[in-house]
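In each ligand, atom 1 is the first atom listed, and ligand 1 is the first ligand listed.
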Amino acid sequence: MSLNPSVYPVLWHIDRVLLIDQTCLPTEYKVVEITSCEELANAIKTMIVRGAPAIGVAAAYGMYLGARESQTDDREQFLHHLEQVAQQLRATRPTAVNLFWAIDRMLNMAYQSTAAVADLKEHLLQAAQAINTDDLQTCQQIGDHGLAALPPTPEKLRILTHCNAGALATAGYGTALGVIRSAWREERLERVYADETRPRLQGAKLTTWECVQAGIPVTLLTDNMAAHCMQRGLIDAVVVGADRIAANGDTANKIGTYSVALIAKAHQIPFFVAAPLSTIDFKLTDGSEIPIEERDPSEIYAVGNTRLCPEGVEFYNPAFDVTPAHLIAAIITEFGAIAPGQLKEQLWHLSKG
Ligand code: MRU
């Protein structure tokens with residue numbers, strides 16, 4: 001099966017990074033050109049590029065852009081500069097571990113290389129491009145493994161997803177939406193139910209846009225409708241992405257994912273997480289150790305220019321929550337669908353490669 005996703009949110013073009021500006025979709029399809037590490041870090045912070053694997057790919061290019069800005073030929077000075085670039089990128093968003101994974105991979109490559117600085121810069125670009133193309137392939141594999149893990153019903157499936165874990169959130173194709181794309185390709189999908197995903201509305205703005213692009217039937221729900229839909233027998237399975245998975249399988253994903261997992265359990269509907277190995281953080285024993293990003297309150301007290309509540313109200317705006325492993329039927333990776341409790345046994349040795 002050839003790779004043919006129609007959406008590439010992060011691309012290297014001649015001497016710059018091209019990003020689909022995800023803050024403008026679905027009303028405007030706009031591509032932003034990035035030529036410096038600072039611009040790239042800003043694009044991650046402001047969510048022009050978002051979604052764990054896409055952030056990782058973008059950060060890898062950010063490392064190269066930062067490396068390119070260095071004027072020195074001295075290896076020690078260059079590595080010192082690269083550490084500062086890494087620091088700038090690490091400070092953008094705390095939860096998605098793919099960001100740190102990609103930065104560390106680029107840094108390790110630089111430390112291990114004996115090449116002259118000019119050559120090393122070129123090697124860093126090649127390493128970033130490899131992270132980009134690998135992620136695309138990984139998503140395709142996740143999609144196909146996900147197909148095998150879905151309930152083997154004779155009828156076509158109705159799958160609920162939360163947030164956007166699609167092509168836009170990866171190098172292309174998607175993780176959760178990759179499973180959905182594969183199910184659609186194999187005629188095993190009836191339709192997708194997309195939670196709107198307050199407050200940033202990634203489900204309403206991005207997941208529905210991707211589905212429409214791909215010709216996949218999609219129904220948009222507000223976040224408080226999932227229980228009702230499950231009770232009415234409208235949902236056969238839930239598939240979501242992940243931002244960081246602890247060694248025991250506890251999974252951080254977009255805020256609201258945990259409540260979807262709880263209600264899926266209450267209705268005996270299988271709840272799957274689809275994510276690459278690079279999203280698993282084996283250094284963390286369980287989900288309580290996952291850092292949860294808190295974003296600006298303006299995301300919840302206003303819609304556009306309209307304020308939703310009076311002055312004097314306090315706000316809490318966590319961007320992610322943690323779904324305990326016991327609510328997850330399987331974690332679908334590029335190496336297959338794995339029970340959360342088996343992650344360490346089956347994947348830890350691969351993560352060190
Ligand atoms: O805040 P976002 O939009 O970056 O959050 C994205 C998610 O929570 C996704 O579900 C997750 O990153 C997986 S993307 C394949």
Quiz item: Side chains of Tyr173 and Ser182: donor-acceptor distance under 3.5 Å anywhere?
Solution: yes
Note every protein N or O atom lying under 3.5 Å from an N or O atom of ligand 1, pairing the names and giving the distance.
residue, atom, partner, partner atom, Å
ligand 1, 1 (O), Arg93, NH1, 3.4
ligand 1, 1 (O), Arg93, NH2, 2.8
ligand 1, 1 (O), Lys254, NZ, 2.7
ligand 1, 3 (O), Arg50, NE, 2.8
ligand 1, 3 (O), Arg50, NH2, 3.2
ligand 1, 3 (O), Gln202, NE2, 2.8
ligand 1, 4 (O), Gly51, N, 3.0
ligand 1, 4 (O), Arg93, NH1, 2.9
ligand 1, 8 (O), Asp243, OD1, 2.8
ligand 1, 8 (O), Asn253, OD1, 3.2
ligand 1, 8 (O), Lys254, N, 3.3
ligand 1, 10 (O), Asn253, OD1, 2.6
ligand 1, 12 (O), Ala52, N, 2.9
ligand 1, 12 (O), Asp243, OD1, 3.2
ligand 1, 12 (O), Asp243, OD2, 2.9

Exercise. Under the salt bridge (charged side-chain N to carboxylate O under 4.0 Å, His left out) rule, collect the residues that match up with Arg307, sequence neighbours excluded.
Key: Glu311
Quiz item: Distance only, no hydrogens: is a donor on one side chain within 3.5 Å (strictly under) of an acceptor on the other, for Thr279 and Arg244?
Solution: no
Quiz item: Is the charged tip of Lys344 near the ring of Phe282: under 6.0 Å from the six-membered ring centre and within 45° of its axis?
Solution: no
Quiz item: Cut-off 3.5 Å, side chains only: do Glu289 and Thr285 have a donor facing an acceptor?
Solution: yes
Exercise. Can you spot which of Asp236, Leu160, Val238 makes a side-chain contact (heavy atoms from CB on, under 4.5 Å) with Ile269?
Key: Val238
